[in-house]
2 protein chains.
Amino acid sequence: MNRTGTPTAPQEEWLRLDRQICFSLHAAARAFNGVYRVILKDLGLTYPQYLVMLVLWEHGDLPVKKLGEHLRLDSGTLSPLLKRLESAGLVRRERSARDERSVQVRLTEEGSALRERALQVPRRIAAATGFDIEEISALRSRLDELTIALDEAALSAAAP
Amino acid sequence: MNRTGTPTAPQEEWLRLDRQICFSLHAAARAFNGVYRVILKDLGLTYPQYLVMLVLWEHGDLPVKKLGEHLRLDSGTLSPLLKRLESAGLVRRERSARDERSVQVRLTEEGSALRERALQVPRRIAAATGFDIEEISALRSRLDELTIALDEAALSAAAP
DNA sequence: CACAATTAAATTGTGCACAACTAAATGGGG
DNA sequence: CCCCATTTAGTTGTGCACAATTTAATTGTG
């Protein structure tokens, strides 16, 4: 490799590197998932369900559409997930009166109350990473840059 | 926050930060997945299938167990995935003669040949990230550290 | 040798991600 | 005012991740 990032290594080498980076990200996401799984078991939440609850706790009641924008998830993922949160008694779903296409997701008493118990989660996760808050922030920034770049690339599709 | 990484922010603030880091990683993994999906469509592979093929191209034929160790995946995930790769004609699965519990995964001619077409994938992915090779390597190192720490934490389980 | 413990795959069941499609409500242009 | 494009949720089908269980082969130990 050289300082400009222009590939000089043979393609074989690139294939090996590709395995490393895509595998690393994949593995890290699953490792995170595993730690959350353990810690969230107490709360009866999965990791994606926890993400939904975090958004609702932060922003209050939201239509499914807005929830999906915050989380980059579509109704294909959210509809069944919200149905499970509803049968767990944490949210209610109500058709909006103003626009009958829209479904408002509302925290129940129980859903709001769960927030108190969730307050200890981030500390435990941070402890599990062994990273301090600045390292976490730095990594987060890198990942966000990456996500933005990748989303753009996915839009401009599959040109070689 | 302060320079030691000791939390001084209120728990409320931590909840917001937690949303950010776990969300960032989750989103980055899915964005990566999306770009691979587009690029791998040509090859008729999904992202996890591509990971399996990369390991086989690099290490040659392997038993399911070893494959799982390289990828941190168990037979619950690999068995159906390998079945799909087999019906796509890319691998064969054969019970080992020496140890009948073990199943050897072997590349077919077609599976080996696919490697040639895969050689262009990493360049296209790297282009999509917009990162140069050193940035990618640095990020990879960070993620690997994170994965190791998280795996350890998951083992020592759910102590508050 | 016999038998219990271990190991390797596969299977089953749950949940998430996403593409493709459907259904219903909305809103703007002729 | 009516029709049609758009918007919002939901549904269906495929594939992955993982826990729990099952089956079969192997290994270790008395």
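Just so you know, these numbers use all the heavy atoms, side chains as well, and skip hydrogens, waters and symmetry mates. So that the names make sense, note that chain A is the first sequence line, chain B the second, and so on, each numbered from 1.
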Does B:Lys66 have any side-chain contact (heavy atoms from CB on, under 4.5 Å) partners at least two apart in sequence or in another chain, and if so, which?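 Here the qualifying residues are B:Leu62, B:Pro63, B:Glu69.
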Given C:dA10, is OP1 or OP2 found less than 4.0 Å from the side-chain N or O atoms of B:Arg93?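 Looking at the OP1 and OP2 atoms of C:dA10, one of them is under 4.0 Å from a side-chain N or O of B:Arg93.
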Under 4.0 Å from OP1 or OP2 of D:dA9: is there any side-chain N or O of A:Ser102 that close?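 Yes, such a contact exists.
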Please report the distance, rounded to the nearest Å, between [atom1] in [X] and [atom2] in [N].
{"X": "A:Leu81", "N": "C:dC18", "atom1": "CG", "atom2": "C1'", "value": "14 Å"}
{"X": "A:Leu25", "N": "D:dA17", "atom1": "CG", "atom2": "P", "value": "13 Å"}
{"X": "B:Leu62", "N": "C:dA9", "atom1": "CG", "atom2": "C1'", "value": "16 Å"}
{"X": "B:Glu94", "N": "C:dA10", "atom1": "CD", "atom2": "P", "value": "13 Å"}
{"X": "B:Lys65", "N": "C:dA10", "atom1": "NZ", "atom2": "P", "value": "14 Å"}
{"X": "B:Leu150", "N": "D:dC18", "atom1": "CG", "atom2": "P", "value": "13 Å"}
{"X": "B:Lys83", "N": "D:dT14", "atom1": "NZ", "atom2": "P", "value": "15 Å"}
{"X": "B:Arg37", "N": "D:dG15", "atom1": "CZ", "atom2": "C1'", "value": "10 Å"}

Quick one: salt bridge (Lys or Arg N to Asp or Glu O under 4.0 Å) partners of B:Arg30, sequence neighbours excluded?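 With neighbours one apart ignored, the set is empty.
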Pairing residues for [X] by the side-chain hydrogen bond (donor to acceptor under 3.5 Å, both in side chains) criterion, not counting sequence neighbours:
{"X": "A:Arg72", "result": "A:Asp151"}
{"X": "B:Glu100", "result": "none"}
{"X": "B:Asp74", "result": "none"}
{"X": "A:Gln104", "result": "none"}

I'd like a list of close polar pairs between nucleotides 20-29 of chain C and the protein, N/O only, cut-off under 3.5 Å.
residue	atom	partner	partner atom	Å
C:dT26	OP1	A:Glu100	N	3.4

So which protein nitrogen or oxygen atoms get under 3.5 Å of nucleotides 2-5 of chain D's nitrogens or oxygens?
none

Mark yes or no: A:Arg142 above the aromatic ring of B:Phe131, with NZ or CZ under 6.0 Å from the six-membered ring centre and no more than 45 degrees from the axis.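 Geometry flag: set, cation within 6.0 Å and 45°.
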B:Tyr47: what forms a ring pair (Phe, Tyr, Trp, His ring centres under 6.0 Å) with it, not counting sequence neighbours?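 By the ring pair (Phe, Tyr, Trp, His ring centres under 6.0 Å) rule, B:Tyr47 matches A:His26, B:Tyr36.
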Which part of the nucleic acid, if any, lies within contact of B:Lys66, taking any heavy atom under 4.0 Å across all strands shown: a base, the sugar-phosphate backbone alone, or nothing?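 Here B:Lys66 touches no strand at all.
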